[in-house]
Amino acid sequence: MGRILITGGAGFIGSHISLALLKKGYKIIILDSLVNSSFESIKRIKSENEGIFSNYSNNFEFIRGDLRNATLVNELFKDSSLTKSKQITSVIHCAGLKSIPESIKNPIQYWENNVIGSINLFNAMKVFECRTIVFSSSATIYGINEGSLLNEESFINPCNPYGTTKLVIEKLLHDIYINNNDDWRIANLRYFNPIGAHESGIIGEDPIGNANNIFPILTKVAIGKIPKLMIFGDDWPTKDGTGVRDYIHIMDLADGHVNVLEYLQKNFPQQINLNLGTGKGTSVLELIKKFQNINKVDIPYEFTGRRKGDYGFVVADNSLARNLLNWTPKRNIGDMCKDGWEWQRRNPNGYK
Ligand code: NAD
Ligand code: UFG
């Protein structure tokens, strides 16, 4: 059956996808530089699965390495191509830097890491005849669409360098597909707002440095590491004036990857763009309230001005993914709050 390469598999999303794939019996190989993650997440993925497989070392391998190192990436594909059962048959490409404010401060770093890393990967895939790829794209590539759901045909206009790198990688994949459209199977998954953690609480979100996204900040306020949550704006044209987002449970997102791989393998070569979200909007105040009620913890908060470059309402029309992949997000916002808190409560210092 070969193996699936997960770039960035030690990170928040990649580690949950890895666990979902291992549970389904897939063999995986993770490549990660650990620039924004820790080896501890790899150890946890391993320990969660060691008892399940009789020959575990065939199912899981980790390589610490940077996608910008073209020689390393080529060697990885070359070594894997020598043994049939170790061949890389598909790639899930999660590796990338993802902080919007950091990308505005240092656009060259973002282009270098995200775009050059992707070029090296796609080149090695071409040389070693691996033609199936699922790319971690983002809802951030869409332009302003206040009040209405975003579908895959909505106006595209990323407003920060991070988003621009996601769009150019989608475009590069399009050019690769057009050049050889009877061969490549490509899915650009445009994630909305993945939050929460694996139900076991053994893996979760633990960014290196300061968190920018609301959910890791919320759980850190709950555990007492941050005094209060600052809410960016109370004057958005939304139900309660705070920003509305489409939060999706990380395990629903991970399951979507399993389904999309199966879809690509079963169908003719193609390139597809798919929104992965729930289609339901939740405001910042609603999220705080739900987290407090479900977990019986207090979340002190204060209003401050709008964050630069923010949007009021970002919610997916997810009908294409639901129809095509036979996939439905199963977990609600309460499950996201419960599982995310379980991870933080069991790991007050994250992976440290
Ligand atoms: P993350 O930072 O937790 O994981 C990314 C992983 O990639 C990290 O483990 C990091 O060490 C690794 N990495 C980065 N550059 C690398 C390189 N050059 N070579 C090898 N490894 C490298 O982020 P995440 O939240 O898990 O996001 C995964 C992907 O999904 C990213 O591409 C991100 O842009 C995208 N995405 C995330 C969100 C979100 O809200 N988390 C939303 C939309 C899209
Ligand atoms: N927010 C606060 N306080 C905070 C952090 C966030 O009020 O301390 C608010 C934001 O204003 C927004 C909501 O919480 O209304 C969600 O903000 P996040 O930063 O968690 O998420 P974004 O939707 O802004 O961006 C995220 C990722 C991007 C990704 C995008 C996809 O950071 O990488 O989702 O929709 F592209």
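Whatever order the structure lists ligands and atoms in, that order sets their numbers, starting from 1.
Taking the charged nitrogens against the carboxylate oxygens, Arg346 and Glu342 do have a contact shorter than 4.0 Å, which makes a salt bridge. Between Lys43 and Glu40 a salt bridge is recorded (basic side-chain N to carboxylate O distance below 4.0 Å). Salt-bridge check for Lys338 with Glu199: failed, with every basic side-chain N at 4.0 Å or more from each acidic carboxylate O. The existence of a salt bridge linking Arg306 and Asp235 is confirmed by a sub-4.0 Å separation between a basic side-chain nitrogen and an acidic carboxylate oxygen. Remark: Arg331 engages Asp255 in a salt bridge, criterion side-chain N to carboxylate O under 4.0 Å. A salt bridge is absent between Lys330 and Asp335: the closest approach of a Lys/Arg side-chain nitrogen to an acidic carboxylate oxygen does not fall below 4.0 angstrom. Taking the charged nitrogens against the carboxylate oxygens, Lys27 and Glu61 have no contact shorter than 4.0 Å, which rules out a salt bridge. Salt bridge annotation for Arg190-Glu152: absent, with no cationic side-chain nitrogen under 4.0 angstrom from a carboxylate oxygen.
The single protein non-hydrogen atom nearest to atom 12 (C) of ligand 1 is Asp32 OD1, 3.3 Å, given as residue, atom name and distance. At the top of the distance list for atom 38 (C) of ligand 1, counting protein heavy atoms only, stands Ile13 CD1, 4.0 Å. Summary of contacts: the protein heavy atom closest to atom 22 (C) of ligand 1 is Ser33 OG, 3.4 Å. When hydrogens are left out, the protein atom nearest atom 31 (C) of ligand 2 is Phe192 O, 3.5 Å; that is the closest non-hydrogen contact. Looking from atom 23 (O) of ligand 2 to the surrounding protein, the closest heavy atom is Arg245 NE, 2.5 Å. Summary of contacts: the protein heavy atom closest to atom 9 (C) of ligand 2 is Val284 CG2, 3.8 Å. In this structure, atom 24 (P) of ligand 1 lies nearest to the protein heavy atom Lys98 NZ, 3.8 Å. In this structure, the protein non-hydrogen atom closest to atom 40 (O) of ligand 1 is Pro194 CD, 3.6 Å. Among protein heavy atoms, the minimum distance from atom 19 (N) of ligand 1 is reached at Leu67 N, 3.0 Å. Closest protein heavy atom to atom 5 (C) of ligand 1: Gly96 O, 3.8 Å. Considering only non-hydrogen protein atoms, atom 32 (O) of ligand 2 sits nearest to Asn213 ND2, 2.6 Å. When hydrogens are left out, the protein atom nearest atom 24 (O) of ligand 2 is Arg307 NH2, 2.9 Å; that is the closest non-hydrogen contact.
Counting only heavy atoms from C-beta outward, the side chains of Thr164 and Trp111 approach each other to under 4.5 Å. A heavy-atom distance below 4.5 Å is not found between the side chains of Val127 and Phe77. Put simply, the side chain of Thr7 does not reach to within 4.5 Å of the side chain of Ile92, judged on heavy atoms. Put simply, the side chain of Asp310 reaches to within 4.5 Å of the side chain of Phe232, judged on heavy atoms. Residues Asn59 and Leu22 are in side-chain contact: their nearest non-hydrogen atoms beyond the backbone lie under 4.5 Å apart. A 4.5 Å side-chain heavy-atom check between Phe128 and Lys78 finds at least one atom pair inside the cut-off.
By the 4.0 Å heavy-atom criterion, Tyr311 is excluded from the residues contacting ligand 2. In this structure, Asn193 falls outside the shell of residues with a heavy atom less than 4.0 angstrom from ligand 1. For Cys94, the closest heavy-atom approach to ligand 1 falls below 4.0 Å. Ligand 1 has at least one atom lying under 4.0 Å from a heavy atom of Gly65. Under the 4.0 angstrom criterion for non-hydrogen atoms, Asp66 is in contact with ligand 1. Residue contact annotation: Asn113 has a non-hydrogen atom under 4.0 Å from ligand 1.
Set against the non-hydrogen atoms of Gly11, the atoms of ligand 1 under 4.0 Å away are 3 (O), 4 (O), 9 (O), 26 (O). Every atom of ligand 1 with a heavy atom of Tyr162 under 4.0 Å away is listed here by number and element: 33 (C), 34 (O), 35 (C), 36 (N), 43 (C), 44 (C). Each of the following atoms of ligand 2 lies closer than 4.0 Å to a heavy atom of Gly243: 15 (O). Remark: ligand 2 atoms within the under-4.0 Å shell around heavy atoms of Ala139 are 31 (C), 35 (O). Every atom of ligand 2 with a heavy atom of Tyr162 under 4.0 Å away is listed here by number and element: 33 (O), 36 (F). Residue-ligand proximity, Asn193 to ligand 2, at heavy-atom distances under 4.0 Å covers atoms 21 (O), 22 (P), 23 (O), 26 (C), 34 (O), 35 (O). The Ile217 neighbourhood of ligand 2 comprises atoms 8 (O), with distances under 4.0 Å to a heavy atom of that residue. For ligand 1 and Val35, the ligand atoms under 4.0 Å from any heavy atom of the residue are 10 (C), 11 (O), 13 (N), 14 (C), 15 (N). Of all atoms in ligand 1, listed by their number and element, those nearer than 4.0 Å to a heavy atom of Asn36 are 1 (P), 2 (O), 10 (C), 11 (O). With ligand atoms numbered from 1 in the order given, ligand 1 contributes 43 (C), 44 (C) to contacts under 4.0 Å with heavy atoms of Ser137. Listed by number with element, the atoms of ligand 2 under 4.0 Å from a non-hydrogen atom of Tyr191 are 31 (C).
In Leu34, the part holding a heavy atom less than 4.0 Å from any atom of ligand 1 is the backbone. The part of Lys166 lying near ligand 1 is the side chain, judged by heavy-atom distances below 4.0 Å. No part of Ala139 comes within 4.0 Å of ligand 1, judged by heavy-atom distances.
Counting heavy atoms only, Tyr247 comes closest to atom 16 (C) of ligand 2 of the residues Phe232, Tyr247, Phe215. For atom 14 (O) of ligand 2, the choice among Asp246, Asn212, Ile214 with the nearest heavy atom turns out to be Ile214. Which of Leu218, Val315, Thr238, Asp310 comes nearest to atom 11 (O) of ligand 2 through a heavy atom is settled by distance: it is Asp310.
Residue Gly143 comes nearest to Leu150 through the heavy atom pair O-CD2, 4.4 Å, listed as atom of the first residue, atom of the second, then distance. For the residue pair Tyr351 and Gly204, the shortest heavy atom distance occurs at OH-N, 3.2 Å.
A distance of 5.0 Å separates CD1 of Ile272 from OH of Tyr263, quoted to the nearest 0.5 Å.
Counting non-hydrogen atoms of neighbouring residues, nucleotides and ligands closer than 6.0 angstrom, the CG atom of Asn69 exceeds 12 such neighbours. Within a 6.0 Å sphere centred on CD1 of Ile178, heavy atoms belonging to other residues, nucleotides or ligands number more than 12.
Looking at Asn213 next to ligand 1, no N or O pair under 3.5 Å apart turns up. Looking at Met230 next to ligand 2, an N or O pair under 3.5 Å apart turns up. An N or O contact shorter than 3.5 Å is missing between Ser138 and ligand 2 by distance. Residue-to-ligand polar distances keep Thr140 apart from ligand 2: every N/O pair is separated by 3.5 Å or more.
Evaluated for a side chain to side chain contact (heavy atoms under 4.5 Å, CB included) with Asn273, the options Ile141, Leu320, Asn188 yield exactly one hit, Asn188.
Annotation: Phe39 is in aromatic contact with Phe62 [ring centroid separation under 6.0 Å].
Remark: Arg322 fails to qualify as a cation-pi partner of Trp327 under the 6.0 Å distance and 45° angle criteria applied to the six-membered ring.
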